[in-house]
Amino acid sequence: MNGFSGYALRQFELDIAPLDLGQTLGCGQTFRWRCQQDGSWIGILSNQVVELKEEDGLLRARADPGNGDIRREVCRYLRASDNVSEIQRILRKDKVIAPGIRKMRGLRIVKIDEWECLASYVLATYANIPRISKMIESIAREYGTKIREESYAFPSPHELGRASVKALAGCGLGYRAAYLNSLCREIDEQRLDELKKLGYEELREELIQLPGVGDKVADCVCLFGFGKLESFPIDVWIERALSRLYKQNGTYRSLREFAKDRFGKYAGYAQEYLYYNERTFASEGACMFTRT
DNA sequence: GCCCAGGAGTGTG
DNA sequence: CACACTCATGGG
C-alpha cells in the first residue's frame, strides 16, 4: 500500500491543466519523486510526504496528518498559476520545437526548494539521472530529518554541513563530496533570502561563484529552484540539439545569447522541449520515462 | 569489462 | 577565449 494511514488524512482535488505527472516529475528536472504501481507519485513537499495522482482529469493530492497547507504547497510546486498553454502557444511559432510541445504537452516546469535544488544540481554534474536520485536519497537518509518510515526531508545546509567530505563520499558522491561540503559552509537561510530577491542575470552571477556551480548548474538552479523561466540550461543534449536543429555551435555564452533572442522569457520551457526532442532522437523508441 | 554520465575546476596555448 | 585534462563512481 502507499503507507498513508487514512486517519485525519488531508486530501484535495486540484484542477491544474495542462498536467501530466509522468512528464513533469519523471523528465529529469526533479529527482525525488517515485512512481507507484497504481500510477500515483510520492514525493516530499515542505517536509511532508505527498501523494499525487491524476484521476478523471483532476489532480488528487493526499498527505499525512499535519499542519501545512498542502494545497498551497502543491500549487506552488506545480506552478499552478502559470499559463502553460499560453507559453506553448507562443513557443509553437518555432516549428523546430513544435514537435516537442506536442509530445510533452503535460510537462510543467516545477518550483523546487531553492537549497534542495542547488545542492541537487551540484550533485548532478557528470552523472546519470538514476545515480543522481540515489545520491540525493542517500544524503537525505543520512542527514535529513526522518518524516516517516523510508521518508527523509532534504537536509538543510546546517544539517548537511555536519557531514565530513569522507562521509559524503561514502554516500556515493565521488568528487562531488568536496563541492557539497564547501557549498554547505557558504549557504545559509539568510544567504538564500538574499538570493531570492535577485533577478535572473544577477542571481546567475552570484550562483556561479559558489563551489561546484558552473554555467549549466547555475541556469538549472535559476530555472527550477528560483523560478526564472527565462533561464536556458545548456547541457550536452541541448548543445547537440542546438547544433543539429539550429546549426548553432559555440561557447556557452554565445549559445545562451542565441536562446535568449530566439526563445525569450520562456526559454526554460523551450529547453525542456528541445531536451525531449534530442533524447528521443538519440534513443529511437526507447522510453525514457519509465515508470518503476 | 567497458563506456559514459543533464559538468566544474584548473592549467595551458 | 578556446581547448585539454582531471575529477570518483555507479549505472547500462
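Reminder, nothing fancy here: chain letters follow the sequence lines and each chain counts from 1. Everything quoted here is computed from the prediction, not taken from an experiment. The figures that follow rest on heavy atoms only: side chains count, while hydrogens, waters and symmetry mates do not.
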Atom CG of Asp215(A) and atom C1' of dA2(C): how far apart are they, to the nearest Å? 14 Å
Just the rounded figure in Å: distance from C1' of dA8(C) to CG of Leu173(A). 10 Å
Residue-phosphate contact under 4.0 Å: Lys134(A) side-chain N/O, dG11(C) OP1/OP2: yes
Any donor and acceptor pair, going by atom type alone, linking the side chain of Arg176(A) with main-chain N or O of Leu168(A) inside 3.5 Å? no
Starting at CD of Glu137(A) and ending at P of dG10(C), how long is that distance when rounded to a whole Å? 17 Å
In whole angstrom, give the distance that lies between atom CG of Leu180(A) and atom C1' of dG9(B). 16 Å
Rounded distance in Å - CZ (Phe31(A)) to C1' (dA5(B)): 12 Å
Check the angle between the aromatic planes of Tyr175(A) and Tyr179(A) and answer parallel, tilted or perpendicular using the 30° and 60° thresholds. perpendicular
Check ion pair Glu137(A)-Lys134(A) (N to O, under 4.0 angstrom): no
Using atom P of each nucleotide, how far apart are dA8(C) and dG11(B) to the nearest Å? 16 Å
Are the ring of Tyr126(A) and the base ring of dG7(B) both nearer than 5.5 Å at their centres and tilted by less than 30°? yes
Distance-only donor-acceptor test, Tyr175(A) side-chain atoms vs dG7(B) base atoms, 3.5 Å: yes
dA5(B), dG7(B), dG11(C): which one has an atom nearest the side-chain heavy atoms of Arg240(A)? dA5(B)
Checking Asp235(A) side chain against Trp237(A) main chain: does a donor-acceptor pair fall under 3.5 Å? yes
Base, sugar-phosphate, or nothing: which does Gly212(A) touch, judged by heavy atoms less than 4.0 Å apart? sugar-phosphate
In terms of relative ring orientation, are Phe263(A) and Phe232(A) parallel, tilted or perpendicular, with 30° and 60° separating the classes? parallel
Base, sugar-phosphate, or nothing for Leu274(A), non-hydrogen atoms under 4.0 angstrom? nothing
Between Ile136(A) (CD1) and dG10(C) (P), how many Å, whole number? 16 Å
Using whole Å, what does the distance between atom P of nucleotide dG7(B) and atom CD of Glu239(A) come to? 10 Å
Which is true for Val217(A) with a 4.0 Å heavy-atom rule: it touches a base, it touches only sugar-phosphate, or it touches nothing? sugar-phosphate
The answer to which of Gln271(A) and Val213(A) contacts DNA chain B further toward the 5' end, by nearest nucleotide, is Gln271(A)
Between dG7(B), dG12(C), dA5(B), which nucleotide gets closest to the side-chain atoms of Thr125(A)? dG7(B)
Shortest side-chain distance from Ala169(A), nucleotide among dA5(B), dT9(C), dG7(B): dT9(C)
Side chain of Pro130(A) - closest among dC1(C), dA8(B), dG12(C): dG12(C)
Tell me: CZ of Arg279(A) to C1' of dC4(B), nearest whole Å? 12 Å
